[in-house]
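Just so it is clear, the values below take in all heavy atoms, side chains as well, and ignore hydrogens, waters and symmetry mates. Throughout, a chain's letter reflects where its sequence line sits, starting with A, and its residues are numbered from 1.
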Amino acid sequence: MPHPRLTLALAVLEAIATLAFAISGFVEARKNRLDSVGTFIVATVTAFGGGTVRDVLLERRPFYWVVHEDYLLVVFGLSLVAPYVLRMLSKLSAERVLLVADAIGLGLFSISGTSIALDAGMPPFIAVLMGVITAVVGGILRDVLCNDIPLLLRDSRPYATCAFVGSWFYLLLDRLDVDPIYSVIAGTGFILIARLVTYKLEIRLPH
Amino acid sequence: MPHPRLTLALAVLEAIATLAFAISGFVEARKNRLDSVGTFIVATVTAFGGGTVRDVLLERRPFYWVVHEDYLLVVFGLSLVAPYVLRMLSKLSAERVLLVADAIGLGLFSISGTSIALDAGMPPFIAVLMGVITAVVGGILRDVLCNDIPLLLRDSRPYATCAFVGSWFYLLLDRLDVDPIYSVIAGTGFILIARLVTYKLEIRLPH
Amino acid sequence: MPHPRLTLALAVLEAIATLAFAISGFVEARKNRLDSVGTFIVATVTAFGGGTVRDVLLERRPFYWVVHEDYLLVVFGLSLVAPYVLRMLSKLSAERVLLVADAIGLGLFSISGTSIALDAGMPPFIAVLMGVITAVVGGILRDVLCNDIPLLLRDSRPYATCAFVGSWFYLLLDRLDVDPIYSVIAGTGFILIARLVTYKLEIRLPH
């Protein structure tokens, strides 16, 4: 039985992660002067695209956003007020908030994707790839819709790499029979910290 | 039992809708100077992309275009003569014809998508989204293939919005136990008229 | 029972085909100055995208790249050394090597896609389309990720057309109860030769 307080904490973090990804969709939509429907579509695809592609690949149903319909409704509501949300955010030094929230999303989605793929009987390397897919495909689709080369492919700051290494770390802990509570926290925390530290230190991938 | 004359009428409208979407693919292909194979691919993706994505999401098989192979063959045949079709169309004041045919497609695909999702046991909000996905994803894929930001995301003329509101209207009628014949006609007609009226009156979505 | 020497030969050709498609991903990634993670993602999508989309459409699992995890690992390893690979290739008059390897991939993937779709009970026209999808979708996704209009759509040199005609040829041989060994070789060879000959003779599709 998972610890009820941890379950609540994970649900809160998950909501933060989904929201962070949706907000990065709002930002991109605004940059491209999309209308409010376009804003909703891009935000939804950013927030739910990775998990949806993972579930299609693993033949899992129902989708996350069918079970958690309320998340979809929140993104829908937010896209109506997105311009105001963004204005408010910029007052609170938006970029840093977005970076941290996005890094939480990166960590949580990677670990949950890896864990779901392991439960579906995938071998280790494939499970790690599913974790990375869950975390990064939403952002790739966001950039494709907005007619950019996906940031992820050319940014050279470790992003998918953090997800990849952290998912292996989680897998290792899982094989060592570490309690799921701790392995999920450690894996997510690893990715979160790796992303923030490599970003801060301006570490770059080779070209 | 559905009324045989209505069944025929719906089949004719469906063929018109598919054709209208394919033609919008031809137009876009011509604008981007695609060759005849590219023209066929873009037209096929525009006409069948929305329904295919819906069926993948709902795990429905066989696909519409596997059952109605003849539709695919017609689009295939047409893409060989597309330049002549387009020239003929331009003589008949093509833009207005295309607008109306596309609005019929928008209406029919939305209502059929919503109805199929309800039959698959989806909750109302998800069913309406499936209707909108059926109607708009083809056009989004067409624009992504032609390397444009999808028109839908930035046009600010209500398009997905008409599909969204009309699908709710259909759902309401369905809940009120209105005969399917009438609810389908009313829902499709609502979207068709909403699209044409908002277009004519130049009503715009907020940015 | 398939002939063991043929099985080996096909496995070798398949590896060459996958590699050729991955390398075309490396080339495109380099042109767009992607980082090493971006290079891996584009190469993987190019090499495995077509077969994956086919398997999603046909509801086949496990995916090719889940069974042949080693292929994925080779592409992963190669993308770390891709710049050196490309430099080496350019010394060996890379373009011609790439053209031939890609034509082998076009042939093999078309025939294997058609054959798999027939086994899944698809009608002939759909089976041929599945063959073409297997062969060309990877390249389309590569170009979409790199923010180009897919080469395939505008190149006007027969590519999908070779796959299409060759798949029909394979299907015909299959219906005539030709031994699978010979029909696969003949179909693949037909496409390989058709591609190289039409390329050399600069035959063009109509626009």
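- Aromatic pair A/Phe109/A/Phe21: ring centres closer than 6.0 Å.
- Without hydrogens or angle criteria, A/Arg61 side chain to B/Leu57 main chain gives a donor-acceptor distance under 3.5 Å.
- Side-chain atoms of A/Asp35 and B/Tyr159 form no donor-acceptor pair, as typed in the model, at a separation below 3.5 Å.
- With a threshold of 4.5 angstrom between heavy atoms, B/Phe164 approaches chain A through side-chain atoms but not through N, CA, C or O.
- With chain B as the partner, the residue from A/Val66, A/Asp55, A/Thr39, A/Leu80 showing the most heavy-atom pairs under 4.5 Å is A/Val66.
- At a 4.5 Å heavy-atom cutoff, A/Thr44 makes no contact with chain B through either its backbone or its side chain.
- Residues A/Leu192 and A/Leu108 have side chains not in contact (no heavy-atom distance under 4.5 Å, counting atoms from C-beta outward).
- Checked by atom type and distance alone, the side chain of A/Thr52 pairs as donor or acceptor with a backbone atom of A/Phe48 at under 3.5 Å.
- In this structure, the separation between CG on A/Leu34 and CG on B/Leu205 is 11.5 Å, given to the nearest 0.5 Å.
- Between A/Tyr71 and A/Tyr64, the distance from one ring center to the other falls under 6.0 angstrom.
- Within residues 125-154 of chain B, the residues that have a heavy atom under 4.5 Å from a heavy atom of chain A are B/Phe125, B/Ile126, B/Leu129, B/Met130, B/Ile140, B/Val144, B/Asn147, B/Asp148, B/Ile149, B/Pro150, B/Leu152, B/Leu153, B/Arg154, listed by number.
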